[in-house]
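To start, the structure itself, in structure tokens.
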Amino acid sequence: MAPRKRHLKLATFNVNGIASRLPHLLEWLAHEAPDIVALQELKATDAAFPAAAIEAAGYGAIWHGQSSWNGVAILARDAIPVENRRGLPGDPTDTQSRYLEAAAHGIVVGALYLPNGNPQPGPKFDYKLRWMARLAKHARTLVDLPHPVVLLGDFNVIPDDIDVYDPKAWRKDALIQPEVREAYAALLAQGWTDALREVFGDEVVYTFWDYFRQHAERDRGLRIDHILLNPVLAGGLQEVGVDRWVRLQDKASDHAPTWARVAVPVAGKSR
DNA sequence: ATGTCCTCCTAAGGAGGA
């Protein structure tokens with residue numbers, strides 16, 4: 001008998017303020033029914049997280065908030081994520097809420113909001129590079145696990161020139177600097193599969209459009225929200241997508257929900 | 001160089017971040 005599999009939709013969405021984006025989030029959850037969701041830029045304290053509304057929508061959640069900035073969460077449809085860790089190891093003085101890790105639906109989920117790093121050069125860029133080094137060190141402990149692992153979120157990295165509408169316009173930006181691209185490439189080289197690039201091949205796909213000059217309407221965007229699969233999970237990659245309709249709504253976040261559909265063996269039924 | 005949107009602080013716009 002063939003091993004039984006089930007399909008899971010894994011998504012990441014930088015909401016740019018959970019308080020102002022809650023209606024969009026709930027509409028998107030109802031419409032697309034992702035199984036696992038990583039949220040970034042909650043811009044809210046733990047107490048202000050709208051757990052009741054999200055639970056009413058059918059999702060269990062864990063979150064790591066912070067006043068004004070940052071803030072990440074993991075949602076699971078009809079399940080409560082089991083938390084593994086909050087915060088990346090390697091710097092006890094780092095107080096920014098940017099990493100949360102949990103198990104849900106049989107998958108290890110590392111949800112991250114990588115530092116923007118602008119202006120560059122400067123202390124914020126240095127922090128970005130240090131954070132990426134810490135991420136790589138931790139990711140190394142996850143990639144070869146015998147379980148499915150996904151590392152997803154707003155990476156604030158433009159991996160290649162195809163991932164930005166105008167590389168020259170962004171050449172001084174932290175998201176495109178050679179050190180940042182090299183750090184991202186080195187992370188992938190551990191054995192992670194960049195799900196969107198894997199499926200899109202040499203086709204352009206964006207996940208973020210800034211608020212200036214009607215860039216969303218004109219489709220002048222960046223690909224900076226990424227979904228990385230370890231080898232166990234990459235074998236089941238089926239389909240990817242970006243829900244651009246969410247970005248084109250009124251009062252939208254500057255990011256669109258980005259997702260990958262994967263097939264995973266049902267626990268205990270396959271070998 | 002510019003533009004736009006979100007949050008906080010605290011009562012009206014300004015600062016800081018992206």
Side-chain angles (χ1 to χ4, degrees), chain A residues 12-28 38-51 53-54 63-73 94-100 111-132 135 152-159 163-177 179-181 183-184 206-226 242-258:
Chain A
T12 175
F13 184 18
N14 179 323
V15 292
N16 190 14
I18 187 69
S20 59
R21 216 69 62 208
L22 185 59
H24 283 163
L25 173 63
L26 295 176
E27 183 185 359
W28 171 69
L39 300 178
Q40 305 89 39
E41 282 207 86
L42 301 177
K43 296 187 174 180
T45 60
D46 280 342
F49 185 81
I54 286 170
W63 57 94
H64 189 197
Q66 182 178 339
S67 180
S68 300
W69 301 301
N70 311 318
V72 290
D94 185 356
T95 57
Q96 301 190 28
S97 299
R98 295 182 175 277
Y99 188 82
L100 197 53
L112 63 100
Y113 175 48
L114 207 146
N116 174 293
N118 281 304
Q120 167 286 134
K124 291 184 178 173
F125 190 67
D126 297 340
Y127 172 66
K128 177 175 195 161
L129 293 179
R130 287 199 308 274
W131 205 94
M132 292 188 84
L135 176 63
L152 77 176
D154 177 357
F155 280 68
N156 271 314
V157 175
I158 300 168
D163 298 313
V164 49
Y165 65 91
D166 182 357
K168 271 188 278 185
W170 285 77
R171 70 190 184 284
K172 293 183 177 170
D173 196 278
L175 278 57
I176 203 173
Q177 293 312 303
E179 307 96 297
V180 167
R181 287 182 158 181
Y184 183 77
Y206 300 137
T207 66
F208 164 95
W209 301 258
D210 68 32
Y211 289 119
F212 307 132
R213 300 170 179 240
Q214 298 185 300
H215 277 165
E217 293 78 0
R218 297 162 57 206
D219 199 16
R220 295 170 72 79
L222 314 178
R223 188 175 73 95
I224 56 177
D225 300 276
H226 304 309
V242 177
D243 294 328
R244 185 161 173 244
W245 64 270
V246 178
R247 175 65 183 88
L248 295 172
Q249 290 181 305
D250 277 344
K251 309 269 187 189
S253 167
D254 38 9
H255 296 251
T258 300

What integer distance in Å separates [X]:[atom1] from [N]:[atom2]?
X: A:Leu175; N: B:dG17; atom1: CG; atom2: P; answer: 16 Å
X: A:Gln96; N: B:dG16; atom1: CD; atom2: P; answer: 16 Å
X: A:Asn156; N: B:dA18; atom1: CG; atom2: P; answer: 8 Å
X: A:Asp210; N: B:dT2; atom1: CG; atom2: P; answer: 15 Å
X: A:Arg171; N: B:dA1; atom1: CZ; atom2: C1'; answer: 12 Å

Can you check the distance between [N] and [M], where both ends of the measurement are the [atom1] atom (answer in whole Å)?
N: B:dG14; M: B:dA1; atom1: P; answer: 24 Å
N: B:dG16; M: B:dT10; atom1: P; answer: 15 Å
N: B:dA12; M: B:dT7; atom1: C1'; answer: 15 Å
N: B:dG3; M: B:dC8; atom1: C1'; answer: 22 Å

(request) Assign each of A:Asp154 and A:Arg213 to its nearest nucleotide of DNA chain B by heavy atoms, then name whichever residue's nucleotide is nearer the 5' end. (result)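 The residue closer to the strand's 5' end, by nearest nucleotide, is A:Arg213.
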
(request) Provide the closest heavy-atom pair for A:Ala256 versus A:Trp209 in the form atom of the first, atom of the second, distance. (result)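 Reported closest heavy-atom pair: CB-CZ3, 3.6 Å.
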
(request) Could you pull out the closest heavy-atom pair between A:Asp210 and A:Arg247, with the gap in Å? (result)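 Minimum heavy-atom contact is O-NH2, 3.3 Å.
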
(message) Tell me whether A:Arg21 forms a cation-pi arrangement with A:Trp28, defined as NZ or CZ under 6.0 Å from the six-membered ring centre and within 45 degrees of its axis.
(response)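 A:Arg21 over A:Trp28 ring: no.
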
(request) Give the stems involving DNA chain B, where a stem is 3 or more consecutive Watson-Crick or G-U wobble pairs (i with j, i+1 with j-1, and so on) under 3.5 Å. (result)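 In DNA chain B, stems of three or more pairs: B:4-9 with B:13-18.
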
Any sub-3.5 Å donor-acceptor pair from [X]'s side-chain atoms to [Y]'s backbone N or O?
X: A:Arg98; Y: A:Leu112; value: no
X: A:Lys124; Y: A:Pro119; value: no
X: A:Asn118; Y: A:Ala174; value: yes

(request) Report yes or no: do A:Lys43 and A:Asn16 form a side-chain donor-acceptor pair below 3.5 Å? (result)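 There is such a pair between these side chains.
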
Pairs: protein N or O with nucleotides 5-7 of chain B N or O, under 3.5 Å:
| residue | atom | partner | partner atom | Å |
| --- | --- | --- | --- | --- |
| B:dC6 | OP1 | A:Arg21 | NH1 | 3.2 |
| B:dT7 | OP1 | A:Ser20 | OG | 3.4 |

(request) Give the ring-plane orientation class for A:Tyr184 versus A:His226, where under 30° counts as parallel, over 60° as perpendicular and anything between as tilted. (result)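 Answer is tilted, since the angle falls between 30° and 60°.
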
